[in-house]
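Here's the structure, in structure tokens; my notes come after.
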Amino acid sequence: MGKSTGNGKDWAQIYSIYGMEQWQTLIILLCQAILFSVMSVLYLIYFDRICVSFERLLSAAAVPRGSARFAAGLTGSATALLALCLFFAAANFFYSALPLHHRMAHRIVAAVSDWSSVRLALDLGCCGRGILLNAVASRLKKEGSSGRVVGIDRHRRTTLATLRAAVAEGVAEYVTCREGDARRLPFPDNCFDVVVSGAFVHTVGKEHGVKTAEAAAERMRAVAEMVRVLKPGGMGVVWDLVHVPEYVARLHEMKMEDVRVSERVTAFMVSSHIVTFRKPSHHVQGLAADEFQLSAWTEVVREGFDMMECNLLFVGES
């Protein structure tokens with residue numbers, strides 16, 4: 001058995017459930033690292049011959065003879081350093097894709113102090129693998145809660161894989177998934193006790209480019225939607241990459257309470273942070289909070305995937 005993750009499963013089991021996402025990127029990084037490693041070894045073996053070649057190339061420019069040897073040594077050193085950097089990037093990508101994601105999911109869950117009172121939670125951008133979604137469901141199950149967690153994703157085709165993972169984790173009865181846009185969530189106001197998201201919000205608006213004003217505006221719409229569907233007094237927990245300062249500024253603009261940012265964590269070779277916040281408690285106009293939750297859950301069951309049908313489909317395919 002492999003090393004335990006601290007929640008009763010070893011890494012072999014975790015990888016068998018969730019697999020490796022974007023493995024093509026990992027293979028490309030490894031191939032490049034191996035290529036530059038081979039080049040640096042060849043530089044070391046044939047260094048004298050390479051120096052002669054450099055002397056011939058630089059002789060026309062009247063460069064001193066010792067400079068050619070220095071240039072060859074510098075090129076070989078740069079090649080070896082680049083190989084090390086690529087191996088480090090591959091290792092960080094491999095770690096970030098599942099082990100770090102798994103660890104951060106449990107940190108997000110731990111940021112909410114009382115799950116026993118949670119009746120309805122939302123995981124924004126869960127689908128594909130559902131690591132955070134299932135971590136929330138596992139905590140609800142552990143607390144003996146009657147609550148449910150709803151996962152929303154842009155692509156319906158990925159939800160079946162997410163539900164397979166929920167079945168494997170033994171939390172299928174606590175989970176449902178549906179298709180939707182994070183910028184226009186298909187839920188009424190003030191209906192979720194907790195809203196979480198893991199490494200997703202930075203992908204919103206990427207069709208406009210990463211650093212454009214349009215993409216930033218789309219990310220802010222997603223943050224505003226998280227606040228809108230959160231109940232007064234409810235808690236939001238977001239782990240994301242690069243753009244966290246934007247979210248913090250937006251949450252302060254929206255008068256959220258207890259906005260806190262975790263220490264920096266390197267994920268996919270960039271900085272990431274966990275942001276927690278609480279929606280201010282105030283009187284809810286119109287429907288009572290409980291009616292909001294009932295309305296939201298009814299809509300999820302009506303328009304989303306029915307869990308029983310998905311389980312039957314999973315059994316039929318296997």
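In this structure a side-chain-to-backbone donor-acceptor pair under 3.5 Å is present from S53 to R49. Looking at R184, its side chain never comes within 3.5 Å of a backbone N or O of A182 through a donor-acceptor pair. A distance-only check finds no donor-acceptor pair linking the side chain of R228 to the backbone of V223 [under 3.5 Å]. Judged by distance alone, with hydrogens and angles left aside, the side-chain atoms of K279 form no donor-acceptor pair with the main-chain N or O of G234 at under 3.5 Å. In this structure a side-chain-to-backbone donor-acceptor pair under 3.5 Å is present from D193 to L120. For the pair W115 (side chain) and V109 (backbone), a donor-acceptor distance under 3.5 Å is present. S40 places no side-chain N or O within donor-acceptor distance of the main-chain N or O of A80, the cut-off being under 3.5 Å. Side-chain atoms of R278 come within 3.5 Å of backbone N or O of G233 as a donor-acceptor pair. Side-chain atoms of N92 never come within 3.5 Å of backbone atoms of F88 as a donor-acceptor pair (strictly under, hydrogens ignored).
The closest side-chain heavy-atom distance from T162 to L133 is below 4.5 Å. Using a 4.5 Å heavy-atom threshold, the side chains of I152 and L185 count as touching. Two residues are said to be in side-chain contact when any heavy atoms from C-beta on lie closer than 4.5 Å; F94 and L29 fail this criterion. Side-chain contact between S113 and M235 is absent, with no heavy-atom pair separated by less than 4.5 Å. Side-chain atoms of M39 and L44, non-hydrogen and from C-beta on, never get closer than 4.5 Å to each other. Between S272 and R264, every side-chain heavy-atom pair lies at or beyond the 4.5 Å cut-off. Counting heavy atoms from C-beta on, the side chains of I274 and M104 come closer than 4.5 Å. Looking at L140 and V118, their side chains come closer than 4.5 Å, going by heavy atoms from C-beta outward.
Taking both residues in full, the closest heavy atoms of H273 and S262 are given as ND1-O, 3.1 Å, listed atom of the first, atom of the second, then distance. Here the closest non-hydrogen pair linking S37 and F87 is OG-CE1, 3.1 Å. Considering all non-hydrogen atoms of both residues, G209 and A215 come closest at O-CB, 2.9 Å. Nearest heavy-atom pair, R148 versus E173, reported as atom, atom and distance to 0.1 Å: NE-O, 2.9 Å. Nearest heavy-atom pair, P280 versus M256, reported as atom, atom and distance to 0.1 Å: CD-CE, 3.6 Å. Here the shortest heavy-atom pairing between A105 and L132 reads O-CD1, 3.7 Å.
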Is there a side-chain contact (heavy atoms from CB on, under 4.5 Å) between D258 and F277? Walk through the geometry before answering.
CA-CA 5 Å; D258 301 328; F277 64 93; over 6 Å; no

Decide yes or no on side chain to side chain donor-acceptor pair (under 3.5 Å) for R178 and T176, but give the supporting numbers first.
CA-CA 7 Å; R178 63 171 300 176; T176 192; over 6 Å; no

Check step by step if side-chain contact (heavy atoms from CB on, under 4.5 Å) holds for R69 and F47.
CA-CA 9 Å; R69 192 173 185 86; F47 184 70; 3.7 Å; yes

Using salt bridge (charged side-chain N to carboxylate O under 4.0 Å, His left out), reason through E143 and R119 one step at a time and then give a plain yes or no.
CA-CA 12 Å; E143 296 287 340; R119 295 178 58 188; over 6 Å; no

Could you give me the CA-CA distance, side-chain angles and deciding distance for V248 and V259, then say whether side-chain contact (heavy atoms from CB on, under 4.5 Å) is met?
CA-CA 7 Å; V248 172; V259 179; 4.1 Å; yes

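Grouping the Ile, Leu, Val, Met, Phe, Trp and Tyr side chains by contacts below 4.5 angstrom, directly or via other members, places L84 apart from L26. In the hydrophobic cluster analysis, where Ile, Leu, Val, Met, Phe, Trp and Tyr join through side-chain heavy atoms closer than 4.5 angstrom, F36 is grouped together with I45. Following chains of ILVMFWY side-chain contacts shorter than 4.5 Å, one cannot reach L42 starting from L81, and the two form parts of different hydrophobic clusters. Hydrophobic clustering (side-chain heavy atoms under 4.5 Å, transitive across Ile, Leu, Val, Met, Phe, Trp, Tyr) keeps V265 apart from M269. Under the 4.5 Å side-chain heavy-atom criterion for Ile, Leu, Val, Met, Phe, Trp and Tyr, F70 and V52 are members of distinct hydrophobic clusters.
For residues 212-242, the ring pair (Phe, Tyr, Trp, His ring centres under 6.0 Å) pairs, not counting sequence neighbours, are H101-W239.
One finds the CZ atom of F268 at 5.5 Å from the CZ atom of F93 (value rounded to the nearest 0.5 Å). Taking NZ from K231 and OG from S281, the interatomic distance works out to 9.5 Å, rounded to the nearest 0.5 Å. Taking NE2 of H102 as the reference point, atom CG of N134 lies at 9.0 Å (rounded to 0.5 Å). Distance check: T276 OG1 to E257 CD gives 12.5 Å after rounding to the nearest 0.5 Å. Atom CD1 of residue I28 and atom CG of residue L86 lie 11.5 Å apart, to the nearest 0.5 angstrom. Here OH of Y43 is found 5.5 Å from OG1 of T79. Values are rounded to the nearest 0.5 Å.
Side-chain contact, R139 with Y174: no donor N or O sits under 3.5 Å from an acceptor N or O.
Under the 4.0 Å criterion applied to side-chain N and carboxylate O atoms, E246 and R219 are assigned as salt-bridge partners.
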Could you pull out all donor-acceptor pairs under 3.5 Å where a side-chain atom in residues 194-205 meets a protein atom, sequence neighbours excluded?
{"from": "S197", "atom 1": "OG", "to": "L124", "atom 2": "O", "distance (Å)": "3.1"}
{"from": "H202", "atom 1": "ND1", "to": "D240", "atom 2": "OD1", "distance (Å)": "2.8"}
{"from": "T203", "atom 1": "OG1", "to": "R154", "atom 2": "NH2", "distance (Å)": "3.3"}
{"from": "T203", "atom 1": "OG1", "to": "F200", "atom 2": "O", "distance (Å)": "2.6"}

